[in-house]
*Asks:* 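Please read through the structure below; I'll follow up with questions.
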2 protein chains.
Amino acid sequence: MTRPPTLRDVAAASGVAISTASRALTKPGRVNERTATRVREAARQLGYAPSPTGRALSSGRTRMVALLVPDVTNPYFFGIVRGTAARLRADGYVHVLVDAEESVEAEERALRALRPTVDGAVLAASRLDDDRLEAWSHEFPMVTVNRPVPDQSGVLVDTAGGTGQALAHLASLGHRRVAYAGGPRASWSDRRRRAVLRTAAKRLGVEVVFLGPFVPRREDGAAAADAVLHADVTAVLAFDDLLAFGILDRLAERGVDVPGAMSVVGCDDVFGADLVRPGLTTIAAPLERAGHAAADLLLARLDPTHPGGTVTVELPTHLVVRGSTGTAPLRVVT
Amino acid sequence: MTRPPTLRDVAAASGVAISTASRALTKPGRVNERTATRVREAARQLGYAPSPTGRALSSGRTRMVALLVPDVTNPYFFGIVRGTAARLRADGYVHVLVDAEESVEAEERALRALRPTVDGAVLAASRLDDDRLEAWSHEFPMVTVNRPVPDQSGVLVDTAGGTGQALAHLASLGHRRVAYAGGPRASWSDRRRRAVLRTAAKRLGVEVVFLGPFVPRREDGAAAADAVLHADVTAVLAFDDLLAFGILDRLAERGVDVPGAMSVVGCDDVFGADLVRPGLTTIAAPLERAGHAAADLLLARLDPTHPGGTVTVELPTHLVVRGSTGTAPLRVVT
DNA sequence: GGACCGGAGACAAACGTTTGCCGATGGTTG
DNA sequence: CAACCATCGGCAAACGTTTGTCTCCGGTCC
């Protein structure tokens, strides 16, 4: 492990000053082409690679971007991780993945630690409250996913639209009374979906029973399933696939046939939605595209030559029908 | 976004030289306690935080560690990611996650790019061949998972031992002829499992049919399942859970009852193994612990006060029995 | 022939930190 | 009282890069 060559070595080898060597390698046209060639050749021969640290110190930019997720093991984030990673790599940025442990404190600790280290961050499903989130958004460049912040660019996945589509699907199968097993009150998606369901229900002539909030974890599906069974409905829309998995578990445990006696719809189409039996009908979210778009917005914002201005990208969803939804059972009219 | 305070500001505020301020904050005892207190107070008041970049340039260490995985969306790596992330965070290191896209070129590109940026790396399931891997291991500190490298520390998950256990489980259920749907030839785990199976088969009086290699993806399970059915066996050990998922898919498609007509055993116990129906009997690998141990070894190696020497940690596995294995069907003796 | 100009290279400062070394101060010891 | 030593603070170099500014040189224009 010998000391890697520096610009100084390149300069010495090609008989020019360090500044000239620097410009020869980074500012095309600034130095005589013959000299530049000489420098480049020396650099090649020595195997010179610029030191990111030196660069960062001088330029104030590290060419690193962080992705903050509340829980790396939640399959919801896989697509996002993949999307941001691909986009960042394309621009030669280093991808820093941070797990905020589902905790506000850990998330703020991470942001504090990262601020001087990264040029910007993508926040996927931040657990911060609105005020703190907005405060942080002034601290350094960030882009949020599924979480609008005033005067900041962001990516929104239109699961609300998909929810309307899912309700229509259920209505077309004859369901007349449907439960919504909702997510956390703080969730922006949840609020929007409730609103959409209310109007769509009216339009479709379907009754929607709102249940929850439930924590979107598989373990919490049991409580949700019990509430659903108690609500006298023939179908349930779950806040997300994890909750739907839990609901399926519990329904099987209680001997309720899916979709014969109860139809179940998830949301996101995460890894595993096609593993369960019956396969889970779900609202597919283009998560990889969302990650990609978020990174895209962030990189645009980091580019000093870029015009600026905030942009909100809204991505459409679509319903994937698998085995967990079917025609409504005949109900005994009392 | 105002310029963050530097050591220079702290020094000015407390009326000492920069060097004194630096020592007051990082070298306990080196400066007079009263002065040190004054400096610390000034730092606190200004909200001073040392610049990682400045530190890195001066010390040559970035306090960043990379985790290289072939594919971030493979659930196998979730546990590892989580384990390394937790361990690194505990020591205040920044966690850089890199997806090598299942390609040797991308992996080498990533290593080259990362070498000057991170202090070391954890390689989980590297796709590099032995020579290149060893060459890289001389270039900068690294720890491998499930991939022994000469003179380097590493973590091994004893799936081979688990495989023996799984075979015993099948034998106890009356299976006498079992298939092994193997993984890539390059896989160290695969080679070891084949060896273990050979001796265990002899001991248990079970015949093992070796099939494959198969690419450990769900899509490739179909080919594996067909080969298994053709091999006239009553049970199959799959290289990993993803392949097992695919095998289950295909068996269902072909109307083969699991576990009535065929028992299936996976490996790793990834997310989803308890979602499929029947639940997948599998060899549970302590992946989070593996990630933790790998990060642990790397940090020890990075610590200059540490004695040094290479260590190999071997982690045990255990069999998780779910619904996909059952008693062997009665075979018609021909 | 002098003024002007542009090209091309070099000098040096700046980014923020750590650390080797020196000097000053004050106290202890012989 | 001199010699020595420990304590504590400061100066300055070093890490590797970028970039503002200066100089030198040759050419062009009037």
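To find a chain, count down the sequence lines: A is the first, B the second, and so on, and within it residues start at 1.
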*Asks:* Counting side-chain heavy atoms from CB outward, which of D/dG16, D/dT18, C/dT19 is closest to B/Lys27?
*Replies:* C/dT19

*Asks:* Would you mind reading off the distance between B/Asp119 atom CG and D/dC15 atom P, rounded to a whole angstrom?
*Replies:*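 Distance, rounded to whole Å: 18 Å.
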
*Asks:* Regarding A/Ser22, tell me which of base, sugar-phosphate or nothing describes its non-hydrogen contacts under 4.0 Å with the strands shown.
*Replies:*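 The residue A/Ser22 makes base contact.
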
*Asks:* I'd like to know if the side chain of B/Glu107 pairs up with that of B/Ser126 as donor and acceptor (distance under 3.5 Å, no hydrogens or angles considered).
*Replies:*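 Result is yes, a qualifying pair exists.
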
*Asks:* Quick one: on DNA chain C, does A/Ala17 or B/Arg23 contact a more 5' nucleotide (nearest heavy atom)?
*Replies:*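 By nearest-heavy-atom nucleotide position, the 5'-most residue is A/Ala17.
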
*Asks:* Can you figure out which of D/dG16, D/dG10, C/dA8 approaches the side chain of B/Thr20 most closely?
*Replies:* D/dG10

*Asks:* Which nucleotide in the set D/dT18, C/dT18, D/dG9 lies at the smallest distance from any side-chain heavy atom of B/Thr26?
*Replies:*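 Looking only at heavy atoms from C-beta outward on B/Thr26, the closest nucleotide is C/dT18.
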
*Asks:* Tell me the interatomic distance from B/Asn32, atom CG, to D/dG10, atom P, rounded to whole angstroms.
*Replies:* 12 Å

*Asks:* In whole angstrom, give the distance that lies between atom CG of A/Leu57 and atom P of C/dA13.
*Replies:* 17 Å

*Asks:* Using atom CD1 of B/Ile18 as one end and atom P of D/dA12 as the other, report the distance to the nearest whole Å.
*Replies:*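 Whole-Å distance recorded here is 12 Å.
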
*Asks:* Where the side chain of B/Thr6 is concerned, which of D/dG9, C/dA8, C/dT17 is the nearest nucleotide?
*Replies:* C/dT17

*Asks:* Of all the nucleotides listed (C/dT18, D/dT17, C/dG9), which has the minimum atom distance to the side chain of A/Tyr48?
*Replies:*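 For the A/Tyr48 side chain, the nearest candidate turns out to be D/dT17.
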
*Asks:* D/dG9 base to B/Arg30 side chain: any donor-acceptor pair below 3.5 Å?
*Replies:*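 In this structure, the two groups form a donor-acceptor pair.
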
*Asks:* Give one of base, sugar-phosphate or nothing for B/Ser59, where a contact means two heavy atoms less than 4.0 Å apart.
*Replies:*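 Since no nucleic acid heavy atom lies under 4.0 Å of B/Ser59, the category is nothing.
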
*Asks:* Write down the distance between CZ (A/Arg55) and P (C/dG16), rounded to a whole number of angstrom.
*Replies:* 19 Å

*Asks:* Can you measure B/Arg8 atom CZ to C/dG16 atom C1' for me and round it to whole angstrom units?
*Replies:*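 In whole Å, C/dG16 C1' lies 10 Å from B/Arg8 CZ.
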
*Asks:* Quick one: do the B/Glu33 and B/Thr37 side chains pair a donor with an acceptor below 3.5 Å?
*Replies:* yes

*Asks:* Between A/Asp9 and A/Arg3, does any NZ, NE, NH1 or NH2 come within less than 4.0 Å of an OD or OE carboxylate oxygen?
*Replies:* yes

*Asks:* Give the nucleotide from the list D/dG16, C/dA8, C/dA12 with an atom nearest to the side chain of A/Ser19.
*Replies:* C/dA12

*Asks:* Look only at the side chain of B/Thr20 and the backbone of B/Val16, and say whether a donor-acceptor pair between them is shorter than 3.5 Å.
*Replies:* no

*Asks:* Please report, rounded to the nearest Å, how far the C1' atom of D/dG10 is from the CG atom of B/Leu7.
*Replies:* 14 Å

*Asks:* Between A/Thr53 and B/Arg38, which residue's closest nucleotide on DNA chain D lies nearer the 5′ terminus?
*Replies:*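 Taking each residue's closest nucleotide, the earlier one in sequence belongs to B/Arg38.
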
*Asks:* Measuring to OP1 and OP2 of C/dT19, would you say a side-chain N or O of B/Ser58 lies under 4.0 angstrom away?
*Replies:*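 Answer is no, no contact under 4.0 Å.
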
*Asks:* B/Leu25 has an atom CG; how far is it from atom C1' of D/dG9, in whole Å?
*Replies:* 15 Å

*Asks:* Checking A/Gln45 against A/Arg40: is there a side-chain donor and acceptor pair closer than 3.5 Å?
*Replies:*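 No, no side-chain donor-acceptor pair sits under 3.5 Å.
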
